[in-house]
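Lettering of chains follows the sequences in order, A, B, ..., and the numbering in each one begins at 1. Quick caveat: nothing in here was measured; it's all calculated off a predicted structure.
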There are 2 protein chains.
Amino acid sequence: MAKPERSDGTVGKALEILDAVASKGRPVRFSELLAESPLPKATLYRLLQTLTNQGLLAYDAELHTYTLGLRLVRLAHQAWKQSSLAPIARPHIDRLAARTGETIHLAQMDQGQVLYVDKRNAAQPIEMFAQAGKVGPGYCTGIGKAIMAFLEPAAREAAIARQAFLRHTPNTITDPQTLAAELERIRAEGVAFDREEHEPGIICIASPILSGGAPGGRVIGGVSITTSTARRSLEELAALRPDLEETARAIGADAAHWQFPA
Amino acid sequence: MAKPERSDGTVGKALEILDAVASKGRPVRFSELLAESPLPKATLYRLLQTLTNQGLLAYDAELHTYTLGLRLVRLAHQAWKQSSLAPIARPHIDRLAARTGETIHLAQMDQGQVLYVDKRNAAQPIEMFAQAGKVGPGYCTGIGKAIMAFLEPAAREAAIARQAFLRHTPNTITDPQTLAAELERIRAEGVAFDREEHEPGIICIASPILSGGAPGGRVIGGVSITTSTARRSLEELAALRPDLEETARAIGADAAHWQFPA
DNA sequence: CGGTGAGTTCCATATAATGAAACTCGTTTT
DNA sequence: AAAACGAGTTTCATTATATGGAACTCACCG
């Protein structure tokens, strides 16, 4: 059969439902989910019941709506502690934030997207989960490009293929070929820049984090320094390169014996 | 049959595995999981494969270990935004933190435990997920007692029954009867105190958050002000009660049309 | 060189998921 | 007020899926 078979049985279906609820970003009614789901009414219904009584979804009996459940928050806390670079990288990015006075992002790749796992915000107060767990596009962020550039060729191709290539600004890369060429340049150069490709006025310099902190190591994430054109020029940002690279190297070295997330 | 039947089919089993991995807090080998699981080898194996290729677990091919996957972090970000009180409560707890200069916790009840969904730390820098997603015992924290005190009688009994009653300090409540009496007092009084019941030297005052911000509303969470005996006495802490209650009331009012997590 | 144990695959069987259809209940239409 | 409707829920025979005992592979150990 020519079927890709991506379903993974019941668990896969349950996850699709969670994603569907997550993607709405607001309480969802049964009928909305039904309309978008290939599953028949009864099946969807029972799956929702299961998810609800497992605490992965929460059901509001008055409004007849589902939202993601708090049990996910608990699990994620553990996941973040044990599978993300954040705990290891914390002292390093704290130092970088203090030294540069700019916003620092720490991210890993998850399913073709950039998943931010930690952040230091120069001035502003904290924002907790509002920051970690956020995802961004890989093709138009510095950190996304930095990570993709250092993936194995096969994985890189796969990642490129998953990008949406939506134009966000005049500088956004909107096709696979241009992106591939840009990644080539980044791999040669060692760092990636976001030249207002995602948001006008926002620029960044990003470095991949290589396992072991040495060239040749597997890429396990990325760090970036973000600023606005109002605060610094691209050249001034480029001047922070040594600090950024030293931070990335140090994180990579500390994480040498880390496992890689798919 | 006298069977409680808590399993929920395949999805339930998959969740149990996730919990098992989570509870270890470190990379786990297949055989460790097998030893603790009632599932036969083959079943556990295939379930792990499913979870891994769904991104809920990450597998390290070199070390043959599993850890929680980053996909959970993504989902949790959404869950936190749409199902927790945190986004709604943020301005209120920011204000309370600024006014009191003490550490503020915002929590909700999840399966008998206190789940912290946000935190403001007086002095120290941020710690992101390291804070939100954390769980604590319900029977020996101010916020846990405050929430439990205002649950419906049936839910309160159920919550009491789920407590571990481990002695953490000389002041810890270690039996259901004492806890029930304490909750009675808290319900009459309106606020709960943690008198070094969980950690020596740490005290707190906590208020339930009632839906609508008015007495009679369903309890949807709690806020607390925590300090150490070195900084303030219980009496001084009690003096912050008006600020605390006003904050809880305001959050409850803003959340009036919120759904309740099971 | 044979043994041991972790991890993986096989396959007949049992179990759990499925989905068409019927039902309930609250709301809208006539 | 009755009828029609639509969202949500339940039923049950059927089917697809998960199951788990056992056999296999492979690396390491004695």
Enquirer: Using the test side chain to side chain donor-acceptor pair (under 3.5 Å), find all partners of B:His64 that sit at least two apart in sequence or belong to another chain.
Expert: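 B:His64 satisfies side chain to side chain donor-acceptor pair (under 3.5 Å) with B:Tyr59 once adjacent residues are dropped.
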Enquirer: My understanding is that only residues two or more places apart in sequence, or in another chain, count here; which of them pass side chain to side chain donor-acceptor pair (under 3.5 Å) with B:Gln163?
Expert: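 Applying side chain to side chain donor-acceptor pair (under 3.5 Å) to B:Gln163 gives none.
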Enquirer: Can you tell me how far P of D:dT25 sits from CZ of B:Phe30, to the nearest Å?
Expert: 18 Å
Enquirer: What's the NZ-C1' distance between A:Lys13 and D:dA18, to the nearest Å?
Expert: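 Rounded to whole Å, this separation is 11 Å.
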Enquirer: Please report, rounded to the nearest Å, how far the P atom of D:dA18 is from the CD atom of B:Glu16.
Expert: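 Nearest whole value for this atom pair: 16 Å.
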Enquirer: Measure CZ/A:Arg29 against C1'/D:dG6 and give the value in whole Å, please.
Expert: 11 Å
Enquirer: Does anything in residues 42-56 of chain B form a salt bridge (Lys or Arg N to Asp or Glu O under 4.0 Å)? List the pairs, not counting sequence neighbours.
Expert: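 Listed once each, the pairs would be none.
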Enquirer: In this structure, how many angstroms lie between the C1' atom of D:dA7 and the CG atom of A:Leu48, rounded?
Expert: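 For the pair A:Leu48 CG and D:dA7 C1', the rounded distance is 14 Å.
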Enquirer: Is any side-chain heavy atom of A:Tyr116 less than 4.5 Å from a side-chain heavy atom of B:His77?
Expert: no
Enquirer: Grab the CD-P distance between B:Gln49 and D:dT17 for me, whole Å please.
Expert: 17 Å
Enquirer: Does anything in residues 154-166 of chain A form a salt bridge (Lys or Arg N to Asp or Glu O under 4.0 Å)? List the pairs, not counting sequence neighbours.
Expert: none
Enquirer: Can you check the B:Tyr66 OH to C:dT8 C1' distance for me, whole Å?
Expert: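 That distance rounds to 10 Å.
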Enquirer: With a 4.0 Å heavy-atom cut-off, tell me which residues in residues 32-46 of chain B come close to DNA chain D, sorted by residue number.
Expert: B:Pro40, B:Ala42, B:Thr43, B:Arg46
Enquirer: If the cut-off is 4.0 Å, is B:Ser31 near the phosphate of C:dG7, judged by side-chain N/O to OP1 or OP2?
Expert: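 B:Ser31 to C:dG7 OP1/OP2: side-chain N or O found under 4.0 Å.
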Enquirer: Under 4.0 Å between a side-chain N or O of A:Thr10 and OP1 or OP2 of D:dA18?
Expert: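 Answer yes for this pair, as a side-chain N or O of A:Thr10 is under 4.0 Å from OP1 or OP2.
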Enquirer: Take the protein atom CG of B:Asp8 and the nucleotide atom P of D:dA18, then report the distance between them rounded to whole Å.
Expert: 16 Å
Enquirer: Check residues 143-154 of chain A and write down every donor-acceptor pair under 3.5 Å in which the side-chain atom is one partner and the other belongs to a residue at least two apart or another chain.
Expert:
residue: A:Lys145; atom: NZ; partner: A:Glu182; partner atom: OE2; Å: 2.8
residue: A:Lys145; atom: NZ; partner: A:Phe193; partner atom: O; Å: 2.9
residue: A:Lys145; atom: NZ; partner: A:Glu197; partner atom: OE1; Å: 2.8
residue: A:Lys145; atom: NZ; partner: A:Glu197; partner atom: OE2; Å: 2.9

